[in-house]
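One structure is given below, encoded as structure tokens.
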Amino acid sequence: MNVAMSGKGGRAAARAPLVGLLVAAEAPRAKFLPAALARAAAAPIDARDFTGKELETALVYDGKQRVLLVGLGERKKLTVETLRRAGAAVVRRARQFRLDRCGVLLAAGAVASAEAGRALAEGMALGNYVFHGQKSESPPPLVKQAAVEFSGTAAERRAFATGLAQGAVIGRAQCFARDLGNHPSNVATPRFLVEQARRAVRGSRVRLKVVARAELVRRGFGGLLGVARGSAEPPFFLEFDWRPARWRKSICLIGKGLTFDTGGISLKPAQGMEEMKFDLCGGAAVIASFAAIAALQPKVRVFGLVPCTENMPGGRAIKPGDVLKTYGGLTVEVTNTDAEGRLVLADALGRAQELKPDFAVDLATLTGACVVALGHKASGLFCNHVDLAERLKRAGDEAGERLWPLPLWDEYLDEMRSTVADLKNSGSRFGGAVTAAAFLRKFAGDLAWAHLDIAGTAWDVPRNELYDGGASGVGVRMLVRLVEGLE
Ligand code: BES
Ligand code: MN
Ligand code: ZN
């Protein structure tokens, strides 16, 4: 979808076959509307059928044109999340009517204009997302062209336009992350992730190095190689590097790229195992974030590391009790082959230490226990650094991708001690998200590091205008924010 400012007088937006009018509760009869649209919108407002409550909608027809009123609620309480969802609501309605164009009109208000533009465009992109997969019927038409008219001063309009362009990039990147998650694992193999990562940064100045098996062996990526042993698909380790002309801060983004997790020899039950195609969602968020970074070109050095593999119970698979030597040199007794995410992340954290970034953040669908703890509405946040934790929380709040802190105390490592290696990879049933994080901490060394457990937020999250099932693409909006905050 191409989202653009409507141009002089806002005619393209006002004349679209469906036009969304985003109006506040105090003044649903918004003064900024062209007279013809204001007339069309009058009936539901006069009847008090529409009062402008947050995300309330009313549809009227003016001849052949469809006019969708969307409430923004009280002006003072307006949030970027409401704008995101309002943008998505307009696009969804256009899709429902199989229209390939729509328009949106709104006015400057409580949310800073650049933020408003970004949120609107993000929402419009996400509302336009469908994963059609391999159904035989032809895919539903999407909106191709959207025109937006923003009423405000020249400066406000300029800021809004900038935000709108950024939001389109970020929204598109998040849809890309959704696609990576939604593909079945026989399509989205480790090799497929390599191809998609290349595509994400093609033609940009982001460098991508793909480390294949021979080099993984030579360099000692024992965690990743161990997990990959049971699979016929070869593993890969992706290393992104965005090196702007000038930067003050650097950050390393790490994502778990398990293209399918059977559990390995510690096999998972059949019930619901198909969901484990989503086990690459941390990696997808990192890959897709680089697509956005390539376009937005922040003045921050950004590294990206994504270990990619399947976890399968093949004849050469690792077995409970086996010991692996990870990239940084620490050894791990694999007491449960289903605790594989932490093994591949251990390697990635070891590699991250060599890059010496100011900050490192990993995203992983790491534990079912995190879903038990926080449900589907927040990701678990574990962090060894106060400033980073605050930055992350803020970025998550602003992006509408919530994070909530859980502890990283050393006591949780008590149950991870091994008699034959430095650590074992699983503890008791209890506090599973926390023991997993405590394990990772050992591999983060002196990094200012955070671990985000996105097991509950990467798919099957609450549905609304922005999300309609499948992979959520969580992490992309938040990571872009976090990086921008380091400029
Ligand atoms: N990918 C899973 C975590 C997961 C499970 C995410 C269900 C979302 C829904 C991870 O690799 C895993 O299997 N974790 C185990 C760890 C245990 C064996 C210590 C878990 O959570 O059961
Ligand atoms: Mn597992
Ligand atoms: Zn897993």
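Throughout, residue positions are numbered sequentially from 1 according to the sequence presented. In each ligand, atom 1 is the first atom listed, and ligand 1 is the first ligand listed. The figures that follow rest on heavy atoms only: side chains count, while hydrogens, waters and symmetry mates do not. Here the structure is a predicted model, which is why all the values come from computation and not from measurement.
- Arg84 and Glu81 are joined by a salt bridge, as a carboxylate oxygen and a charged side-chain nitrogen come within less than 4.0 angstrom of each other.
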Between Glu115 and Arg481, is the salt bridge (charged side-chain N to carboxylate O under 4.0 Å, His left out) condition met? List the steps. CA-CA 11 Å; Glu115 294 299 331; Arg481 276 266 165 203; 2.4 Å; yes
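- With salt bridges taken as basic N to acidic carboxylate O contacts below 4.0 Å, none links Glu54 and Lys77.
- Taking backbone and side chain together, Asp279 holds no N, O or S atom under 2.8 Å from the Mn ion (ligand 2).
- Leu22 pairs with exactly one of Leu68, Thr82, Val104, Val148 by the side-chain contact (heavy atoms from CB on, under 4.5 Å) rule, that one being Val104.
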Salt bridge (charged side-chain N to carboxylate O under 4.0 Å, His left out) between Glu340 and Lys256: does it pass, once the steps are laid out? CA-CA 10 Å; Glu340 86 297 339; Lys256 171 180 172 182; 3.0 Å; yes
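- Annotation for Lys268: atom NZ counts as buried by contact number, over 12 foreign heavy atoms lying within 6.0 Å.
- Ring geometry for Phe290 against Phe240 counts as parallel: the plane angle stays under 30°, on a 0 to 90° scale with 60° as the upper cut.
- One finds no salt bridge joining Arg118 and Glu398 here, because no Lys/Arg side-chain nitrogen approaches an Asp/Glu carboxylate oxygen to under 4.0 Å.
- If you look at the Zn ion (ligand 3), the protein N, O or S atoms less than 2.8 Å from it are Lys256 NZ, Asp261 OD2, Asp279 OD2, Glu340 OE2.
- Closest to the Mn ion (ligand 2) among the N, O or S atoms of Glu340 is OE1.
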Close N/O pairs between ligand 1 and protein, under 3.5 Å:
from	atom 1	to	atom 2	distance (Å)
ligand 1	1 (N)	Lys256	NZ	3.3
ligand 1	1 (N)	Asp261	OD2	3.3
ligand 1	1 (N)	Asp279	OD1	2.9
ligand 1	1 (N)	Asp279	OD2	3.0
ligand 1	1 (N)	Thr365	O	3.3
ligand 1	11 (O)	Lys256	NZ	3.2
ligand 1	11 (O)	Asp261	OD2	2.9
ligand 1	11 (O)	Asp338	O	3.2
ligand 1	11 (O)	Glu340	OE1	2.8
ligand 1	11 (O)	Glu340	OE2	2.9
ligand 1	13 (O)	Lys268	NZ	2.8
ligand 1	13 (O)	Asp338	O	3.0
ligand 1	13 (O)	Asp338	OD1	2.7
ligand 1	13 (O)	Asp338	OD2	3.2
ligand 1	14 (N)	Leu366	O	3.3
ligand 1	21 (O)	Gly368	N	2.8

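- Restricting Asp261 to its N, O or S atoms, the one at the least distance from the Mn ion (ligand 2) is OD2.
- Inter-residue side-chain proximity for Glu215 and Phe221 is flagged as unmet; no heavy-atom pair is nearer than 4.5 Å.
- The shortest heavy-atom contact between Leu164 and Ala121 is O-CB, 3.2 Å.
- Between Glu239 and Lys209 there is no salt bridge, since no side-chain N of the basic residue sits under 4.0 Å from a carboxylate O of the acidic one.
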